[in-house]
Amino acid sequence: KNQVEQSPQSLIILEGKNCTLQCNYTVSPFSNLRWYKQDTGRGPVSLTIMTFSENTKSNGRYTATLDADTKQSSLHITASQLSDSASYICVVGDNYGQNFVFGPGTRLSVLP
Amino acid sequence: NAGVTQTPKFQVLKTGQSMTLQCAQDMNHNSMYWYRQDPGMGLRLIYYSASEGTTDKGEVPNGYNVSRLNKREFSLRLESAAPSQTSVYFCASMRGSTSGFYEQYFGPGTRLTVT
């Protein structure tokens with residue numbers, strides 16, 4: 001069964017610190033992997049999109065990595081800010097054309 | 001350019017009532033999607049439309065119907081609401097298919113409670 005798992009379920013860090021969120025997937029055939037940020041009460045917003053041939057992609061203080069061999073991805077947040085408090089969702093797109101598999105998300109809280 | 005808009009933002013229904021959730025996008029996207037988001041779970045696809053005039057079932061279509069009215073609008077109808085349909089519903093749109101590398105844009109969501 002196609003699945004996306006994320007860890008940790010929740011995370012609390014202090015402002016200015018770095019953190020790394022993990023994503024493991026079993027989606028096949030794999031097409032692309034996305035990370036989204038979802039603020040409370042809002043819809044998800046895209047951070048990065050990576051294909052199987054890309055190892056890393058950055059968007060400001062967000063850097064995503066992908067290891068297609070081990071089917072793992074990570075999202076690294078540098079110098080966290082209070083506005084980074086949100087859920088971060090890992091999503092994998094298949095190669096058939098219309099299926100995205102969403103992970104349950106990691107809830108990040110950044111404290112002053 | 002409003003992106004993806006959804007109405008209503010909140011709705012409370014009694015069991016057995018019907019309602020239609022509206023979604024519109026102004027980005028000239030081909031694909032549109034309806035998802036539901038429940039606590040502790042990832043977004044799950046209810047229905048999608050790859051292009052105007054076509055619709056297909058997703059992972060959890062039971063109890064729902066959809067209409068792709070035109071390229072801009074994609075509505076979701078609950079014919080006879082059940083408490084299990086209490087959820088947050090998101091509409092999304094995308095220029096192409098999931099096998100491409102287009103961004104998927106989400107609306108702000110509709111929070112539905114069925115009592």
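As a basis for the values below, the full set of heavy atoms in this structure was taken, side chains included, without hydrogen atoms, waters or symmetry mates. Since the structure is predicted, the reported quantities are computational estimates derived from the model, not experimental observations.
The structure places CG of B:L45 at 8.0 Å from CZ of A:F102, a figure rounded to the nearest 0.5 Å. Rounding to the nearest 0.5 Å gives a distance of 9.0 Å between CD1 of A:I49 and CZ of B:F101.
Residues B:L112 and B:V4 do not share a hydrophobic cluster, clusters being chains of Ile/Leu/Val/Met/Phe/Trp/Tyr side chains in contact below 4.5 Å. Both A:L82 and A:L75 belong to a common hydrophobic cluster when Ile, Leu, Val, Met, Phe, Trp and Tyr are linked at side-chain heavy-atom distances under 4.5 angstrom. Hydrophobic clustering of Ile, Leu, Val, Met, Phe, Trp and Tyr side chains at less than 4.5 Å, counting indirect connections, unites B:V88 with B:Y35. Hydrophobic clustering places A:V4 together with A:L33 (ILVMFWY residues linked when any side-chain heavy atoms are closer than 4.5 Å, directly or through intermediates). Hydrophobic clustering of Ile, Leu, Val, Met, Phe, Trp and Tyr side chains at less than 4.5 Å, counting indirect connections, unites A:L47 with A:Y25.
Using a 4.5 Å cut-off between heavy atoms, A:F30 makes no contact with chain B at all. No part of B:E59 comes within reach of chain A, as not one of its non-hydrogen atoms sits under 4.5 angstrom from that chain. When heavy atoms are compared at a cutoff of 4.5 Å, B:Y105 does not approach chain A at all.
Of all heavy-atom pairs spanning A:Q38 and B:F90, the tightest one is NE2-CZ, 3.4 Å. The two residues B:G40 and A:P104 make their nearest non-hydrogen contact at O-CB, 3.7 Å.
Shown here is B:R95, whose CZ atom has no more than 12 heavy atoms of other residues, nucleotides or ligands within 6.0 Å. Heavy-atom contacts from other residues, nucleotides or ligands closer than 6.0 Å to CZ of B:R44 number more than 12.
In this structure the side chain of A:S46 reaches within 4.5 angstrom of the side chain of B:E103, judged on heavy atoms.
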Can you give the donor-acceptor pairs under 3.5 Å from side chains of residues 9-24 of chain B to other protein atoms, not counting sequence neighbours?
from  : atom 1 : to     : atom 2 : distance (Å)
B:T15 : OG1    : B:T115 : O      : 2.7
B:Q17 : OE1    : B:K14  : N      : 2.7
B:S18 : OG     : B:R77  : NH2    : 3.2
B:T20 : OG1    : B:R77  : NH1    : 2.9

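Taking the six-membered ring for Trp and the full ring otherwise, B:F106 and A:Y36 have centroids separated by under 6.0 Å.
Per-residue counts of heavy-atom pairs under 4.5 Å with chain B were compared for A:R42, A:M50, A:R107; the largest is that of A:R42. Interface remark: of the candidates A:G43, A:G103, A:P44, A:P44 forms the most heavy-atom pairs closer than 4.5 Å to chain B.
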